[in-house]
Amino acid sequence: MSERAPGFENYTPSRLEWLALMLNSHMSYVDATLVKNADINRIYIPKHDGKTLKLIVSHPKDISSELLEKIINEMVKYTEGIAKVYKWASWLEIEVERHSE
């Protein structure tokens, strides 16, 4: 019997990995309504503690702090909403990291 190609190897993601994957794929659709014309990029990365998602937000230097906070708050709110659907909100922590470009 031949070996399976690496891409066919079984792998079961953790809840945190699954949530990060889902959010990274969904947020491109959410960004269209949330971010509108602002040049903001974001990515979710699971931390190694098993309970924290790091939300990394890259934004232009000239964006108003009020608009940036509003966008980040909406991203966090959306993330918490998805976690509630899966009943993971009780243990999930979200850490936000900002980078100006």
Side-chain angles (χ1 to χ4, degrees):
M1 189 172 261
S2 64
E3 286 188 37
R4 297 178 82 181
F8 289 120
E9 290 294 323
N10 291 332
Y11 175 76
T12 303
S14 68
R15 292 176 181 180
L16 201 56
E17 290 169 325
W18 181 253
L19 185 58
L21 174 71
M22 186 175 17
L23 287 165
N24 284 325
S25 63
H26 284 189
M27 287 305 283
S28 60
Y29 298 106
V30 175
D31 284 352
T33 57
L34 204 70
V35 178
K36 304 229 190 290
N37 295 325
D39 187 21
I40 294 186
N41 296 304
R42 53 83 210 112
I43 188 166
Y44 290 89
I45 299 174
K47 291 188 72 174
H48 293 291
D49 65 359
K51 63 181 179 179
T52 306
L53 268 184
K54 182 184 276 191
L55 168 58
I56 301 173
V57 181
S58 298
H59 58 86
K61 289 180 182 181
D62 61 349
I63 192 170
S64 76
S65 58
E66 296 83 20
L67 177 58
L68 180 60
E69 287 309 309
K70 179 181 177 187
I71 291 169
I72 289 173
N73 287 338
E74 288 297 318
M75 289 178 181
V76 169
K77 188 171 145 183
Y78 184 80
T79 302
E80 291 170 341
I82 296 294
K84 285 180 187 174
V85 168
Y86 284 94
K87 297 182 177 31
W88 298 343
S90 63
W91 55 264
L92 180 67
E93 295 180 14
I94 303 165
E95 178 182 301
V96 179
E97 187 176 304
R98 297 162 178 83
H99 295 274
S100 62
E101 298 177 336

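Reckoned from all heavy atoms, side chains included, excluding hydrogens, waters and symmetry mates.
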Looking at side-chain heavy atoms only, is the closest gap between Lys77 and Asn73 below 4.5 Å?
no

Between Arg42 and Glu97, is the closest basic N to carboxylate O distance under 4.0 Å?
no

Between Lys61 and Glu101, does at least one N-O distance fall below 4.0 Å, as a salt bridge requires?
no

When rounded to the nearest 0.5 angstrom, what is the spacing between CZ in Arg15 and CH2 in Trp88?
6.5 Å

State, yes or no, whether a side-chain contact exists between Tyr44 and Leu19 at a heavy-atom distance under 4.5 Å.
no

Strictly distance-based, threshold 3.5 Å: is any side-chain N or O of Glu17 a donor or acceptor partner for the main-chain N or O of Ser14?
yes

Ile56/Asn41 under side-chain contact (heavy atoms from CB on, under 4.5 Å): CA gap, chis, key distance, verdict:
CA-CA 8 Å; Ile56 301 173; Asn41 296 304; over 6 Å; no

What I want to find out is whether Glu9 reaches Arg4 closely enough, with some N-O distance under 4.0 Å, to be called a salt bridge.
no

May I ask you to decide if Ile43's main-chain N or O and Asn24's side chain share a donor-acceptor pair within less than 3.5 Å?
no

Could you check Met75 against Val96 for side-chain contact (heavy atoms from CB on, under 4.5 Å), going step by step and ending with a plain yes or no?
CA-CA 10 Å; Met75 289 178 181; Val96 179; over 6 Å; no

Is the shortest side-chain heavy-atom distance between Glu95 and Leu53 below 4.5 Å?
no

Inter-residue atom distance Met22.CE - Tyr86.OH, 0.5 Å rounding
3.5 Å

Can you find a pair of side-chain heavy atoms, one from Thr52 and one from Ile94, that are under 4.5 Å apart?
no

From His26 NE2 over to Leu23 CG, what is the distance, rounded to the nearest 0.5 angstrom?
8.0 Å

Decide whether Ile72 and Ile45 are clustered together by the hydrophobic rule: side chain heavy atoms of Ile, Leu, Val, Met, Phe, Trp, Tyr closer than 4.5 Å, transitively.
no

Working to the nearest 0.5 angstrom, can you tell me the gap between Ser90 OG and Lys51 NZ?
11.5 Å

Are any side-chain N or O atoms of Trp18 and backbone N or O atoms of Leu16, one a donor and one an acceptor, separated by less than 3.5 Å?
no

What is the distance from atom NZ of Lys70 to atom CD of Glu66, rounded to the nearest 0.5 Å?
11.5 Å

Salt bridge (charged side-chain N to carboxylate O under 4.0 Å, His left out) evaluation trace for Glu69 with Arg98:
CA-CA 10 Å; Glu69 287 309 309; Arg98 297 162 178 83; 3.1 Å; yes

